[in-house]
Amino acid sequence: MAFWKPGSKKPEASLPLSAEVDREGPGDSGGRLVVFNRNENLALQAQRERLPIFKTRDAILHLVETRATTVLVGQTGCGKTTQVPQYLVEAGWTAGGRLVACTQPRRVAAMTVASRVADEMGVTLGAEVGYAVRFENVSTPGVTRVRFCTDGVLLRELMEDPLLSRYSVVMVDEAHERSLATDLLLGLLKKVQRRRPDLRIIIASATIQAEEFAAFFDTRHLEPKPASEASSVNAPSREPGIVSVEGRAHTVLIHYLEKPVPDYVKAAVGAAIDVHRAEGPGDVLVFLTGEEEIEAAVSMLQEEAEDNSRRLLGGGAGTNPAGGPERFTVHPLYAGLSPAQQMEAFRPAPRYTRKIVVASNVAETSVTIEGVVYVVDCCFVKQKAYDPTRGMESLLTAEASRASANQRAGRAGRVRPGKAYRLCTEKAFRDLPETAPPEMIRSDLAATVLQLKALGIDNIMNFEWLSPPPAANMIKALELLYALQAIDDDARLTKPLGMHLAELPLEPQLGKALLVSGELGCVEEMLTVSAYLQVQTLWVSPRGRQKRLDECRDRFAVAEGDAVTALNIHTAWCGGRARSFADKNMLSHRALVRASDIRAQLARHVRRVGLVVSSAGKDSAPVRRAMTAGFFANAAALAPHGGGAEGSAFRSVRGGATLFIHPGSVLFRARPAMVVYAAAVRTGREYMRDVTAIDPEWLSELAPHFYAMTQRSGNERPADAAAVF
DNA sequence: ACAATCCCT
């Protein structure tokens, strides 16, 4: 492997936090912390005390006691997620009926970590220890003391209880990931803390971002409280404390390329094969950016595996010079695969066989593959970007950050010391950005701004963002909300429309489409459409079965577009809700169940808002009118000459951009005169997804204010936006 | 000769 050069700094000094659940900890369960026979629990207690974090237990509790905010820096497997909430319980933070919250960016993490902690505390999940994720609230009012939840759930809770009055401590875990929800939550928590000095915040973060969080929460310069005020006597210091916990990960030796390579997919395949031939036992995890690359690499490796086993003839227990197996198997892993296909990548390899998993970013944070000792990293990621002038999100392949590459490398050090091979030179690596740009600054902000307004934050320009989004993104969001009549000329939330939109767990445009269905007499239908537009992978798409998929889709497809097609699917699915129905039609059973769950949740919201549930029966026009009333800003007209085999070209009504119908839409080959779309995304071309054919007349009828506004000056903005200029 | 990083209310 002459083309590899070991990194000059041997193991990475500090791998960032693993985003998954800390698994270190006592292996057994049972035993209880609130006990009458303490001896029973000695083994459990001893194991908890062996965790690296135990050494800093007192320091953590001291900081939480004396500081309003504590930043907790902890590496993979240090036990922070499972132990800190328990320390807080032991130290009395849940006395007097108060709760400790611990937020996670992902549902599975919230659920599994809650279950783990309940085991360690010897209580039933849902009693003293519970969790809350969308559709599932496993907790008991008055009994639950520690509550794990997604950060999205806590954000919603903030709308009902703006001071989070039930909580004594909120721990925001995996904060270094800088997801939109985490950033928003941290900004709001800072605000809450000003009115509730007793609220303690713990931010669990990777090393490189600890200072940034600490600086953000440092409020020593703000309004020193008069000494006469009783509450200030015991008020904690406004200077955040930082505490660092050592991890338990094994060292990972990093290798770099001596020279850059022109094709990283081929290079990744070559590196995986080199590792297989030269290294000892242990599975290989290869990071590439997306499905196309992954499938290409898998087929190359598959070919090699077949040649390889032909060469080996029988035998089966052969080893290479380093003692590694001679045989290997190959598995793709990305979120678009069905659960059954994903399982293949997790199943341990047969004896005398090495497993090579070629994965997307799912394997960086969301899931862990046991047994990985070698990582190959292409050092690229697919990253969302937002173009405010076009109101369009795009997905571009970008350089990975060093933090992300370190996280990937860390996947090799879970079971024993490992090795990581980066497909770039060491110099190129040093030039990579330290961290990825926070999601907040590259996202459509309409829903975020709406939520802030609903929380009474009227001047969003003055909101203390952890990373302020570009002004253009905020203006775009305000313009859209204004056009939807969710905010008025003074940029205040309208009543009741704006309020209701903020309460719905939908993007504002779709929320508007759902709310107007009351007047249009198609609430039943719009509940279904709204729910189906929320699920991403409705169709199963195994490679090489494109024809069959098209046939299946044609069974439900109608010329009115994807929304009306969803109605057909839902009606057919409701016939028996059978898995066999899903399989027969190449639909994802899981997605159908999820759509039904979302539909039920939306139905509850809609009833609370006072909509009378109505149905338009077989007439699709009201549904398409409702879609127009929500997505009028996303209208596009068939271009006179455009298009060919790649689909018809359209021109956006506002802006005149050239757009194509996404190949996944039922209207891909159709040529409707006018459409509205729920989302536009740029990959190679600019594509419209979730497309509905409409009557052009409807635009001026259902959104006169918007189209009149565009014609008059094209320039009118609500007050909040105007203030920037 | 057509497309899909990843999460979440």
Side-chain angles (χ1 to χ4, degrees), chain A residues 19-20 103-110 132-137 149-160 174 177-185 287-295 333-337 359-367 378 380-385 393-398 400 404 408 436 439 442-443 447-448 450-451 454 501-508 510-511 530-531 534-541 543 546 549-550 594 597-598 601-602 605 643-648 660-665 668-669 679 681-689:
Chain A
E20 29 101 26
T103 72
Q104 297 292 322
R106 282 168 288 280
R107 293 165 54 89
V108 268
V133 298
R134 189 178 190 180
F135 307 126
E136 273 181 85
N137 181 1
C149 62
T150 51
D151 31 27
V153 162
L154 198 66
L155 278 172
R156 283 283 152 188
E157 220 171 295
L158 217 40
M159 289 180 71
E160 275 156 38
E174 316 295 4
E177 288 187 27
R178 303 298 306 272
S179 75
L180 199 149
T182 301
D183 268 23
L184 184 59
L185 183 61
F287 283 99
L288 291 173
T289 70
E291 175 179 349
E292 201 179 314
E293 289 172 7
I294 291 168
E295 293 293 351
L333 179 66
Y334 48 90
L337 291 174
S360 72
N361 244 6
V362 267
E364 187 181 312
T365 49
S366 307
V367 297
C378 73
F380 284 95
V381 265
K382 278 204 172 143
Q383 210 167 56
K384 188 174 72 176
E393 292 190 333
S394 52
L395 206 52
L396 303 168
T397 301
S404 172
R408 291 175 177 185
E439 197 183 7
R442 46 188 175 89
S443 298
T448 302
L450 185 67
Q451 216 168 348
L501 281 180
E503 282 165 30
L504 284 173
L506 293 173
E507 46 160 337
L510 189 55
S530 309
Q534 299 300 105
V535 299
Q536 6 260 56
T537 47
L538 190 57
W539 300 95
V540 177
S541 56
R543 303 234 120 202
Q546 190 56 47
L549 178 62
D550 287 342
R594 185 168 169 82
D597 284 347
I598 295 174
Q601 191 188 38
L602 293 175
H605 270 97
E646 76 279 4
S648 307
F660 292 86
I661 293 180
H662 193 278
S665 165
F668 177 51
R669 292 182 197 288
V681 64
R682 180 169 57 214
T683 42
R685 258 195 205 95
E686 295 187 354
Y687 287 107
M688 303 180 277
R689 292 179 41 196

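Below, chains carry the letters A, B, ... as their sequence lines are ordered, and counting in each starts from 1. It should be emphasised that the depicted structure is a prediction, and the values quoted were computed from it without experimental measurement.
Distance, A:M688 CE to B:dA3 C1': 15 Å, rounded to whole Å. The distance between atom CG of A:L288 and atom C1' of B:dC6, rounded to the nearest whole Å, is 16 Å. Distance, A:F660 CZ to B:dC2 P: 11 Å, rounded to whole Å. One interatomic measurement links the two molecules: CG of A:L185 to P of B:dC7, which rounds to 20 Å at whole-angstrom precision. In this entry the distance linking CD of A:E686 with P of B:dC2 reads 17 Å, nearest Å. Between A:K382 atom NZ and B:dT5 atom P the separation is 4 Å, expressed in whole Å. To the nearest angstrom, C1' of B:dT9 lies 13 Å from CG of A:L158. One atom, CD1 of A:I598, and another, C1' of B:dC8, lie 10 Å apart when rounded to the nearest Å.
Taking 4.0 angstrom as the limit, A:S179 places none of its side-chain polar atoms (N or O) nearer than this to OP1 or OP2 of B:dC6. Proximity of A:Y334 to the phosphate of B:dC6: no side-chain N or O atom is located under 4.0 Å from OP1 or OP2. A close approach under 4.0 Å does not occur between any side-chain nitrogen or oxygen of A:R689 and OP1 or OP2 of B:dA4. In this model, the phosphate group of B:dC7 is approached by a side-chain N or O of A:S366 to a distance below 4.0 Å at OP1 or OP2.
For A:E291, the side-chain atoms get nearest to B:dT5 when compared with the rest of B:dC2, B:dC6, B:dT5. Of the candidate nucleotides B:dA3, B:dT5, B:dT9, B:dA3 has the atom nearest to the side chain of A:T683. Listed nucleotides: B:dC2, B:dC7, B:dT9. Nearest to the side chain of A:P663: B:dC2. Nearest nucleotide to the side chain of A:Y687, out of B:dT9, B:dA3, B:dC7: B:dA3. Candidate nucleotides B:dT9, B:dT5, B:dC2 were compared by shortest atom distance to the side chain of A:R669, and B:dC2 ranks first. The side chain of A:T150 has B:dC8 as its nearest neighbour among B:dT5, B:dC8, B:dC6. Among the nucleotides B:dC2, B:dT9, B:dA4, the one closest to the side chain of A:F668 is B:dC2.
Among the atoms of the strands shown, none is found under 4.0 Å from any heavy atom of A:V681. Residue contacts shown for A:L395 include a base, since a base heavy atom lies under 4.0 Å away. Looking at heavy-atom distances under 4.0 Å, A:Q536 makes contact with a base. Residue A:V362 is classed as a sugar-phosphate contact, given heavy-atom separations below 4.0 Å to backbone atoms only. Among the atoms of the strands shown, none is found under 4.0 Å from any heavy atom of A:A181. If you check every strand for non-hydrogen atoms under 4.0 Å, A:E503 touches nothing.
One N or O donor and one acceptor, one from the side chain of A:R156 and one from the base of B:dT9, sit under 3.5 Å apart.
Remark: the A:E295 side chain and the A:Y334 side chain contain an N/O donor-acceptor pair separated by less than 3.5 Å. For the 3.5 Å distance criterion, the side chains of A:R134 and A:Q601 qualify, holding a donor opposite an acceptor.
Residue order along DNA chain B, read from the 5' end via each residue's closest nucleotide, puts A:G664 first among A:G664 and A:S360.
Using a 4.5 Å cut-off on side-chain heavy atoms (C-beta onward), A:V367 and A:L333 make contact. Side chains of A:Q104 and A:T150 form no contact here, defined as non-hydrogen atoms less than 4.5 Å apart.
Around atom CZ of A:R689, no more than 12 heavy atoms belonging to other residues, nucleotides or ligands sit under 6.0 Å away.
Between A:R106 and A:E177 there is a salt bridge, with a side-chain nitrogen of the basic residue lying less than 4.0 Å from a carboxylate oxygen of the acidic one.
Formation of a donor-acceptor pair under 3.5 Å by the A:S443 side chain with backbone atoms of A:E439 is found in this model.
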